[in-house]
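Here the structure comes first, spelled out in structure tokens, and everything after it is commentary.
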2 protein chains.
Amino acid sequence: MTDDDQASRPPAAAQQQPIYAVKAEFFRVLGHPARVRILELLRDGERSVGELQTELHLDSSGTSQHLGVLRRLGVLESRKEGTSVFYRVRDPRTFQLLEVARQILTSSLEATQALLTELAVPAGTRRRGGGPPA
Amino acid sequence: MTDDDQASRPPAAAQQQPIYAVKAEFFRVLGHPARVRILELLRDGERSVGELQTELHLDSSGTSQHLGVLRRLGVLESRKEGTSVFYRVRDPRTFQLLEVARQILTSSLEATQALLTELAVPAGTRRRGGGPPA
DNA sequence: TCGTTGTCTTAGAATCTTCTAAGGTTAGCT
DNA sequence: AGCTAACCTTAGAAGATTCTAAGACAACGA
């Protein structure tokens, strides 16, 4: 490889595409469990590929491929040290994105929970405290 | 159809899945140009399927399918009025998500722009004002 | 130099998503 | 009832992503 790494080629998003298409591409890249997990792991600082690989329970190939997807889009950047490569998140606002998503999903799941409870226990029958007895 | 619409079945996200998988599913659903556009259109209030269809330049089938994906995951909810169906975004924080994404992408694109300029015009040669001459 | 470790790449199969076309349902009108 | 408009569903083809396996490469140390 004589190209790509770090500051060389336009990070994919650079094409003359409508902004909504660029956003979609960005979300699509975040739309994989392993990649979400990678971002969560990188929340508290950079990590080597090996470390990530261990925590993700993935093999070397899979790990590299997911990291590659994130790096190509400019979400991650990397630093080489000896034989190891350390990855970090380029823009801290990326974590904000994850946080907002968590909030949205949390409310949504809570609403669903409440609804299930509602269905299981006829309305007006419940004591205070919502949760199951035990 | 005797099920599904509005407040009935657990909105997909309810499965006993790890939270990062739910997040990924959520992002994946946002990861399509037409769906990003739908959300942007719904930013200033609810719209009927027909209106969306017109603005998206999609046919009835495609429009319904994308709306279905978003509704099934609980991102949208709908209201029926006569023969029309109006959709709206369930959680306003969804717009915040789009906004943060826009910010991230904007910086990223600006950085890329700067870099291209840098490559085209040797460093230290530029006058103030960044942009191309005319 | 040789072997080892850490990371990346490629190729093809498996899987999932999106698109296209056709038809179905419901509400409202005459 | 019969017709139309608005929306939804389905099925299969087309297209894209992900997974698995194999191997390549570079840095390091013996």
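Bear in mind that the values here come from a model prediction, so they are computed numbers and not experimental data. Throughout, a chain's letter reflects where its sequence line sits, starting with A, and its residues are numbered from 1.
Across the interface with DNA chain C, nearest-nucleotide mapping of A:Arg28 and A:Tyr87 shows A:Tyr87 to be the residue nearer the 5′ end.
Note: B:His32 and B:His66 have tilted aromatic rings, judged against thresholds of 30 and 60 degrees for the angle between ring planes.
The phosphate of D:dA16 (OP1 or OP2) has no side-chain N or O of A:His32 nearer than 4.0 angstrom. Taking 4.0 angstrom as the limit, A:Thr83 places none of its side-chain polar atoms (N or O) nearer than this to OP1 or OP2 of C:dT7.
Rounded to an integer number of Å, the gap from B:His57 NE2 to C:dT20 P is 15 Å. Rounded to whole Å, atom P of C:dG6 lies 11 Å from atom CZ of A:Phe86. A straight line from CG of B:Leu30 to P of C:dT17 spans 14 Å, rounded to a whole angstrom. The CD atom of B:Glu81 sits 10 Å away from the P atom of C:dG28 (whole-angstrom rounding). D:dC8 atom C1' lies 10 Å from atom CZ of B:Arg72, rounded to whole Å. The distance from atom CG of B:Leu52 to atom P of D:dA6 is 14 Å, rounded to the nearest whole Å.
Side-chain atoms of B:Lys80 lie closest to C:dT26 of the nucleotides D:dC28, C:dT26, D:dT9. Taking the side chain of B:Arg35 as heavy atoms from C-beta on, and the options C:dT18, D:dA6, D:dT9, the nearest nucleotide is C:dT18.
B:Thr94 has its side chain out of reach of B:Leu42: every pair of non-hydrogen atoms, C-beta onward, lies at least 4.5 Å apart. Side-chain contact between B:Leu97 and B:Arg93 is absent, with no heavy-atom pair separated by less than 4.5 Å. Two residues are said to be in side-chain contact when any heavy atoms from C-beta on lie closer than 4.5 Å; A:Val85 and A:Lys80 meet this criterion.
At a non-hydrogen distance threshold of 4.0 Å, B:Ser60, B:Ser61, B:Ser64, B:Gln65 from residues 58-70 of chain B come into contact with DNA chain D.
For the residue pair A:Gln65/A:Ser61, the side-chain donor-acceptor check at 3.5 Å is satisfied. Between the side chains of B:Arg90 and A:Ser108, no donor-acceptor pair is found at a separation under 3.5 Å.
Salt bridge A:Glu99/A:Arg102: present, at least one basic N to carboxylate O contact under 4.0 Å.
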